[in-house]
Number of protein chains: 2
Amino acid sequence: MDNNKLPDKTVERLSQYRRALLNASSGGKQYIFSHEIADLLHLTPVQVRRDIMLIGYSGKLRHGYNVKELIEAVSTIIDTKNKQKVAIVGVGNLGRAIMGYFKGKKSQLSVVAGFDINCDTINKEYTGVVCYSLEEMESIIRKNNIHIAILTVPGHAAEQTAQKLINSGIKGILNFTSHSLQVPSDVYLEEYDMITSLEKIAYFVKSE
Amino acid sequence: MDNNKLPDKTVERLSQYRRALLNASSGGKQYIFSHEIADLLHLTPVQVRRDIMLIGYSGKLRHGYNVKELIEAVSTIIDTKNKQKVAIVGVGNLGRAIMGYFKGKKSQLSVVAGFDINCDTINKEYTGVVCYSLEEMESIIRKNNIHIAILTVPGHAAEQTAQKLINSGIKGILNFTSHSLQVPSDVYLEEYDMITSLEKIAYFVKSE
DNA sequence: TCTTATTTGTTAATTATTTAACAATAAAAA
DNA sequence: TTTTTATTGTTAAATAATTAACAAATAAGA
């Protein structure tokens with residue numbers, strides 16, 4: 001709840017902590033040590049303790065952290081009060097895979113709409129998410145107060161589609177196309193390219 | 001070609017440079033400045049020059065870098081001499097999306113096999129990649145000398161499937177499940193969780 | 001030819017991130 | 001009750017990564 005922004009890396013890890021903690025909690029675990037969290041996520045215990053310190057939560061000495069409380073503490077930091085709505089732009093295999101990811105997971109983030117150049121040739125609905133045409137995109141995004149979009153269109157359409165998203169008031173984009181985007185400074189952009197991940201693996205595998 | 005391992009981050013950026021350079025090259029560009037590369041990829045010119053210095057390539061003063069030569073230079077660093085074979089384990093939407101990514105792209109990495117618990121209910125082949133049953137996995141991986149695997153099975157099957165991969169001689173895993181894996185130290189593991197990326201975006205969007 | 005402008009290559013400085021170290025302390029054991 | 005042990009919380013040190021600064025050099029222009 002403190003106002004000073006946390007480091008990028010810490011925010012990322014907090015999300016991972018919560019995932020691991022929810023897992024542990026559903027397995028019946030009530031308390032967890034920093035070194036247990038660290039082992040689960042390939043981190044060091046100090047790093048875990050430091051991150052938890054940064055969000056202002058305290059554990060019980062010699063007992064570790066109360067799992068449920070820590071989940072709460074992390075959540076008050078990384079969640080918004082209300083559900084955040086997410087749009088998926090490009091309802092191909094990748095778009096649908098992401099919709100599937102959210103199916104079932106009760107998250108503060110919910111995918112409320114899909115958009116595609118041609119929803120008619122694909123299923124009009126997938127795991128409860130309706131697919132709309134790109135023409136309807138701007139109005140639906142505005143009407144529903146959607147601020148986050150996941151871009152899973154083919155690379156050649158990335159730039160143009162992103163521009164439309166920005167014009168529609170989107171403030172955060174997760175770009176899965178292999179085309180790097182230019183966005184205004186008030187839009188938070190995160191890019192992920194699978195090829196890069198794979199090439200990195202290939203590099204470190206070959207030299208072993 | 002120098003033997004001392006490059007930093008993780010540099011390897012990642014080299015892959016991105018190549019992608020951007022190939023793009024530029026196919027657009028007819030012959031020379032490119034460090035600040036142009038930087039702009040394309042949200043980096044600083046110094047960082048680009050520094051990375052290029054690390055791989056031992058030199059540009060032309062006042063002309064920038066020869067695009068084709070730089071692509072070559074990057075490639076000799078991050079590619080293996082022979083094609084690296086990749087297996088995709090879990091041929092659902094995500095698995096197929098990744099297969100699609102490679103389709104067409106002429107890369108040193110090629111997806112040579114898919115594996116799934118039940119190939120019969122899905123298409124036996126997708127974009128040229130044949131889907132095999134999990135029973136055949138170990139023998140096919142060994143027979144074809146596959147060392148890299150992409151894990152796109154449902155979370156609950158992650159651990160067990162990863163174990164089979166390791167037993168089959170896989171040395172690099174790209175894990176897309178939301179379950180963090182434990183692997184021996186001679187296996188290079190890279191994990192990517194979409195939820196974490198999204199929650200990070202949500203965090204930085206809300207506090208703006 | 002000489003000067004100016006520009007861009008590379010590289011060292012030094014800075015900043016960010018991680019790790020080490022350890023005091024504090026509370027539970028468990030003696 | 002006293003001692004031992006284990007674990008947190010936090011400051012200080014170390015490491016890693018980025019950025020600044022600038023010399024070198026060459027092409028272009030005067």
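Worth knowing before you read on, the calculation uses all heavy atoms, side chains too, and leaves out hydrogens, waters and symmetry mates. Chain identifiers are assigned alphabetically (A, B, ...) following the order of the sequence lines, protein sequences preceding nucleic acid strands; residue numbering begins at 1 within each chain.
What separates CD1 of A:Ile55 from P of D:dT10 is a distance of 13 Å, to the nearest Å. Distance OH (B:Tyr65) to C1' (C:dT7): 9 Å, rounded to an integer number of Å. Between the CG atom of A:Asp51 and the P atom of C:dT17 there is a distance of 11 Å, rounded to whole Å. Atoms CG (B:Asp8) and P (C:dT17) sit 16 Å apart, rounded to a whole Å. Separating the NZ atom of A:Lys60 from the C1' atom of D:dA6 is a distance of 16 Å, rounded to the nearest angstrom. The distance from atom CG of B:Leu54 to atom P of C:dT11 is 11 Å, rounded to the nearest whole Å. B:Arg49 has its CZ atom 9 Å from the C1' atom of C:dT10, to the nearest Å. The interatomic distance linking B:Leu6 (CG) with D:dA17 (P) rounds to 12 Å, in whole Å.
Checked by distance alone, B:Arg50 brings a side-chain donor or acceptor within 3.5 Å of a matching partner on the base of D:dT19.
A:Thr10 and A:Asp51 share a side-chain donor-acceptor pair at under 3.5 Å. Using modelled atom types and a 3.5 Å distance limit, the side chains of A:Ser178 and B:Tyr101 yield no donor-acceptor pair.
The side chain of B:Ser58 contributes an N or O atom lying less than 4.0 Å from OP1 or OP2 of C:dG9. The shortest distance between the side-chain N/O atoms of B:Tyr31 and the OP1/OP2 oxygens of C:dT6 is not below 4.0 Å. The shortest distance between the side-chain N/O atoms of B:Thr44 and the OP1/OP2 oxygens of D:dT18 is not below 4.0 Å. Look at B:Arg62 and you won't find any side-chain N or O under 4.0 angstrom from OP1 or OP2 of D:dG29. The phosphate of D:dT18 has OP1 or OP2 within less than 4.0 Å of a side-chain N or O from B:Arg13.
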| task | Start with the C-alpha distance between A:Met99 and A:Val91, add both sets of side-chain angles, then the distance that settles side chain to side chain contact (heavy atoms under 4.5 Å, CB included), and finish with yes or no. | result | CA-CA 9 Å; A:Met99 287 176 185; A:Val91 188; 3.9 Å; yes
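For residues 32-43 of chain A, proximity to DNA chain C is found at no residue, defined as any non-hydrogen atom under 4.0 angstrom from a strand atom.
Checked by atom type and distance alone, the side chain of A:Lys206 pairs as donor or acceptor with a backbone atom of B:Asp79 at under 3.5 Å.
A tilted orientation is assigned to the rings of B:Tyr57 and B:Tyr65, their planes being inclined by 30° to 60°.
A 4.5 Å side-chain heavy-atom check between B:Lys60 and B:Asn66 finds every atom pair outside the cut-off. Between A:Leu151 and A:Leu181, the closest side-chain pair of non-hydrogen atoms falls below 4.5 Å.
Both B:Leu61 and A:Lys9 lie close to DNA chain C; mapped to their nearest nucleotides by heavy-atom distance, the more 5′-ward contact belongs to B:Leu61.
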